[in-house]
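Residues take their numbers from the sequence shown, with the count starting at 1.
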Amino acid sequence: MFGLLRPKSFGNVFKSVTRILPQLRNYVSPALNQMLQLQNIEICADQPSRGLVLGVYADEEDKSDPGILTPSAWRYNVQKTAGRLLEVLRMSGPMPRRGEARLLFAVEPEKVPYYSAVAVVGLGKECLGYNSYEVLDEQKEAIRRSVARACMELCYLDTEKIEIENCGHAESAAEGAALGIWAYQELKETKRRIGVPAIDLYTHKDEVCDIEGWRIGLQKAAAQNLTRQLQEMPSNLLTPTAFAQTVVEVLCKSGVNVEVKVEGWAESQSMHSFLSVGKASCEPPIFLELSYYGTSAEERPIVLVGQGITYDCGGLCLKKLQELVHMRGDMTGAAVVVAACRAIAGLRLPVNIRGLIPLCENVMGCNSFRPGDVTKAMNGKHIEVQGTDHEDVLVLADALLYAQNFCPKFIVDIGCTSGMMRNALDEAACGVFTNSEILWQQIKHASMHTGDRVWRFPLWYFYSNQVTSGDASDVQNYGKGRGGRPCKAAAFLREFVPCGQWMHIDATNVMVTNGKHFEYIRKGMAGRPTRTLIEFIAQTICKDVAPKLNVKK
């Protein structure tokens, strides 16, 4: 347009603009300054950012269900937002489902809200409870899933503190929140890490606060996160020696005694089965013995045995690449025992615990044990090594025999003894094998509450015959036939439990998660079944809640 003006006209326009500009500057400056001052005040007032998690009950099959807020959420809705929270929630669409969270912003009428974001989570119907077909307390699981989802989404907003209402069960809310925000980030640059906010229980002066349940939930979640941390650590950093050092640092502060026994001690105990597995590695094998006394020293202890193979390539029977990438987690059993002992000490449970952890690496080398080799266990039985990739049971066998020295109430061993468990159960549950109906009922009852379920497999003599019917030795680590691999592994272990109640937990299939089936565990190592083991031990102490068998007189 300026190109069409004559030079004289252009000069007049320029003079007019020059004359008016100072007046515009004087008029606009106060408004701009005031606006900037208000923005600066609001920015400073919003720091640090805070999030709030509240619950709503709704029928997931009815999209028109208006929803019912939990008591804490309703009180916040009325007292803080004058009903605006529920109004905005209903306007935003159907009520959130279980495992879902909806973020709302600036719902409080004040200019500067106390909470920068409020997450409303779906809890399903109010009448949810124990589902006998699913063997699960659906209400508690809904709380974990939904609270975890809300906390994860608030993490991505760089929220520095999150307050969570109890949603009907403070322990489950604490578990979901603490498990959901955790991520293994020790080896990442600080600037690239996901923010991990502080979490706290949202309370009101007019309501009863279940701070004890919240504390128990945090202890259990912290234990599972410790298991996940140990599982995720690369095997070149977490060698048997490094594992032992880490355990000493973690447990000695918690009141659990740790004894580190070296290779010479294992040889003196005739643990040749255990020692044969780690012969090829440059890392020496180590045997850890954990002790916790929560009651009288005369009380017989519960013995926990954790398989501690810090890396398992399968030896000369090399595993496939798809399996090798996760074999740093083959020490899941050891990590679970360590984390459970710390939680038991933290909760001050009145029980005596002995933890036995044989640590070694199963790698290839000039001194590798070979298919066809025969080794001798502590009890004098000769074991034929039919495959070096089934070494897990060889490590556990000597530890089970050593456990008899403590005259235990019962023995529980945890390990990754068969990859075939993935085909049987996927991520749904751990496999359990036991010679005691009481122990089975107790751990089943515990898993119902934790949401980390277990499923019982047969421990029949049919499988014992398959691992003891060889011509050249007493026991074989693979056995006859191609099927029933998890059952044969358990039958092998039973040969080294002379008497008493015993339970074997196979955690192979729950070692890794894809991050989809359980919203409160990110993709990677899962840390299961840590919380179930802690709950199981707690329930064996509490006579009122421990299930009892009806014995006919």
- Mark yes or no for whether Tyr292, through its side chain, and Leu349, through its backbone, hold a donor-acceptor pair below 3.5 Å. yes
- Message: Would you say that more than 12 heavy atoms from the other residues, nucleotides or ligands in this model lie under 6.0 Å from the NZ of Lys188, or not?
- Response: yes
- Please examine the side chains of Ile302 and Phe410, heavy atoms only from C-beta on, and report whether any two atoms are closer than 4.5 Å. yes
Determine all donor-acceptor pairs shorter than 3.5 Å in which one atom belongs to a side chain in residues 117-129; sequence neighbours excluded.
none

- Within 6.0 Å of CH2 in Trp440, more than 12 heavy atoms from elsewhere: yes
- With Gln219 via side-chain hydrogen bond (donor to acceptor under 3.5 Å, both in side chains) - residues at least two apart: none
- Task: Using the side-chain hydrogen bond (donor to acceptor under 3.5 Å, both in side chains) rule, collect all pairs that involve residues 83-93, keeping only residues at least two apart or in two chains.
- Result: Ser92-Arg102
- Task: Determine the sole option in Lys444, Arg453, Lys220 for which the salt bridge (charged side-chain N to carboxylate O under 4.0 Å, His left out) test with Glu535 is passed.
- Result: Lys220
- Item | Any pair counted as salt bridge (charged side-chain N to carboxylate O under 4.0 Å, His left out), so long as it reaches residues 189-199, sequence neighbours left out | none
- Query: Are the side chain of Asn509 and the backbone N or O of Asp426 linked by a donor-acceptor pair below 3.5 Å?
  - Reply: yes
- Item | Exercise: identify the closest heavy-atom pair between Ile143 and Gly168 | CD1-C, 4.4 Å
- Item | Inter-residue atom distance Leu104.CG - Leu54.CG, 0.5 Å rounding | 9.5 Å
- Write down the atom of Ala73, the atom of Gly55, and the distance for their closest heavy-atom approach. CB-O, 3.6 Å
- Just by distance, do the side chain of Tyr311 and the backbone of Leu324 share a donor-acceptor pair under 3.5 Å? yes
- Item | Val412 vs Trp502, side-chain contact (heavy atoms from CB on, under 4.5 Å): CA-CA, chis, key distance, verdict | CA-CA 6 Å; Val412 179; Trp502 159 74; over 6 Å; no
- Item | Donor-acceptor side-chain pairing of Asp413 and Gln307 below 3.5 angstrom | no
- Message: Quick test of your reading: applying side-chain hydrogen bond (donor to acceptor under 3.5 Å, both in side chains), list the pairs with at least one residue in residues 227-237, sequence neighbours left out, ordered by first then second residue.
- Response: Glu186-Gln229, Asn225-Arg228, Thr227-Thr530, Gln231-Thr332, Glu232-Arg328
- Query: What side-chain hydrogen bond (donor to acceptor under 3.5 Å, both in side chains) pairs are there with at least one residue in residues 53-65, not counting sequence neighbours?
  - Reply: Glu60-Arg98, Asp62-Ser64
- Message: Using every non-hydrogen atom in the two residues, find where Leu290 and Val337 come nearest and quote the distance to one decimal.
- Response: CD1-CG1, 4.2 Å
- Residues forming a side chain to side chain contact (heavy atoms under 4.5 Å, CB included) with Ala170, sequence neighbours excluded: Asn166, Asp210, Trp214
- Message: Applying side-chain contact (heavy atoms from CB on, under 4.5 Å) to Met233 and Leu187, what does each step give before you reach the verdict?
- Response: CA-CA 9 Å; Met233 288 186 71; Leu187 306 179; over 6 Å; no
- Message: Between Glu519 (side chain only) and Ala148 (backbone N and O only), is there a donor and an acceptor less than 3.5 Å apart?
- Response: no
- Task: Spell out, as yes or no, whether a donor-acceptor pair under 3.5 Å connects the side chain of Arg50 to the backbone of Ser116.
- Result: no
- Sorted by chain and residue number, the side-chain hydrogen bond (donor to acceptor under 3.5 Å, both in side chains) partners of Arg531 (sequence neighbours excluded) come out as Glu175, Gln224
- Query: Can Val454 and Ile505 be said to form a side-chain contact (heavy atoms from CB on, under 4.5 Å), step by step?
  - Reply: CA-CA 9 Å; Val454 296; Ile505 302 176; 5.6 Å; no
- Item | SB check Arg456 Glu437 (cutoff 4.0 Å) | yes
- Item | Heavy-atom closest contact (Ala174 atom, Ala221 atom, distance) | O-CB, 4.5 Å
Under 3.5 Å, sequence neighbours excluded: what are the donor-acceptor pairs made by side chains of residues 239-254?
from: Thr239; atom 1: OG1; to: Ala242; atom 2: N; distance (Å): 3.2
from: Thr246; atom 1: OG1; to: Ala242; atom 2: O; distance (Å): 2.8
from: Ser254; atom 1: OG; to: Val250; atom 2: O; distance (Å): 3.2

- List the steps and the verdict of side-chain contact (heavy atoms from CB on, under 4.5 Å) for His169 and Gln139. CA-CA 9 Å; His169 193 253; Gln139 182 196 24; 5.5 Å; no
- Item | Asp452 (side chain) donor-acceptor with Arg528 (main chain) under 3.5 angstrom | no
- At what distance, to the nearest 0.5 angstrom, does CD1 of Ile162 lie from CD of Glu160? 11.0 Å
- Message: I'd like to check Met331 versus Ile309 (side-chain heavy atoms, cut-off strictly below 4.5 Å). Are they in contact?
- Response: no
- Indicate whether the side chain of Glu299 and that of Asn352 have a donor and an acceptor atom separated by less than 3.5 Å. no
- Note on the structure: Tyr520 and Thr450 have their tightest heavy-atom pair at OH-O, 4.5 Å
- Report yes if the side chains of Leu218 and Ile199 come closer than 4.5 Å at any heavy-atom pair, otherwise no. yes
- Between the CE atom in Met503 and the CG atom in Leu493, the distance rounded to the nearest 0.5 Å is 13.5 Å
Quiz: residues 416-425 side-chain donor-acceptor pairs under 3.5 angstrom, not counting sequence neighbours:
from: Thr417; atom 1: OG1; to: His504; atom 2: NE2; distance (Å): 3.2
from: Thr417; atom 1: OG1; to: Asp506; atom 2: OD2; distance (Å): 2.8
from: Ser418; atom 1: OG; to: Met420; atom 2: N; distance (Å): 3.3

- Task: With sequence neighbours excluded, tell me which residues meet ring-ring contact (aromatic ring centres under 6.0 Å, His included) with His449.
- Result: His445
- Message: Measuring from atom CG of Leu154 to atom OH of Tyr115, what distance do you get when rounded to the nearest 0.5 angstrom?
- Response: 12.0 Å
- Side chains of Glu427 and Thr513: do they bring a donor and an acceptor to under 3.5 Å? yes
- Output field: ring centroids Tyr202/Tyr114 closer than 6.0 Å: no
- Message: Using side-chain heavy atoms (C-beta onward) and a distance below 4.5 Å, is Glu153 in contact with Leu103?
- Response: yes
- Item | Contacts of Phe287 that satisfy ring-ring contact (aromatic ring centres under 6.0 Å, His included) - sequence neighbours left out | Trp265, Tyr402
- Item | Value rounded to 0.5 Å, distance of CD1 in Ile541 from OG1 in Thr295 | 9.0 Å
- Item | Distance (rounded to the nearest 0.5 Å) between Leu356 CG and Glu259 CD | 10.5 Å
- Residue pair Ile353 / Tyr293, side-chain heavy-atom distance below 4.5 Å: no
- Tell me, do Leu288 and Val338 make a side-chain contact under 4.5 Å, heavy atoms counted? no
- For the pair Arg354 and Glu289, find out whether any cationic side-chain nitrogen is under 4.0 Å from an anionic carboxylate oxygen. yes
- Item | Contact summary for Thr540 and Ile537, nearest pair of heavy atoms | OG1-O, 2.6 Å
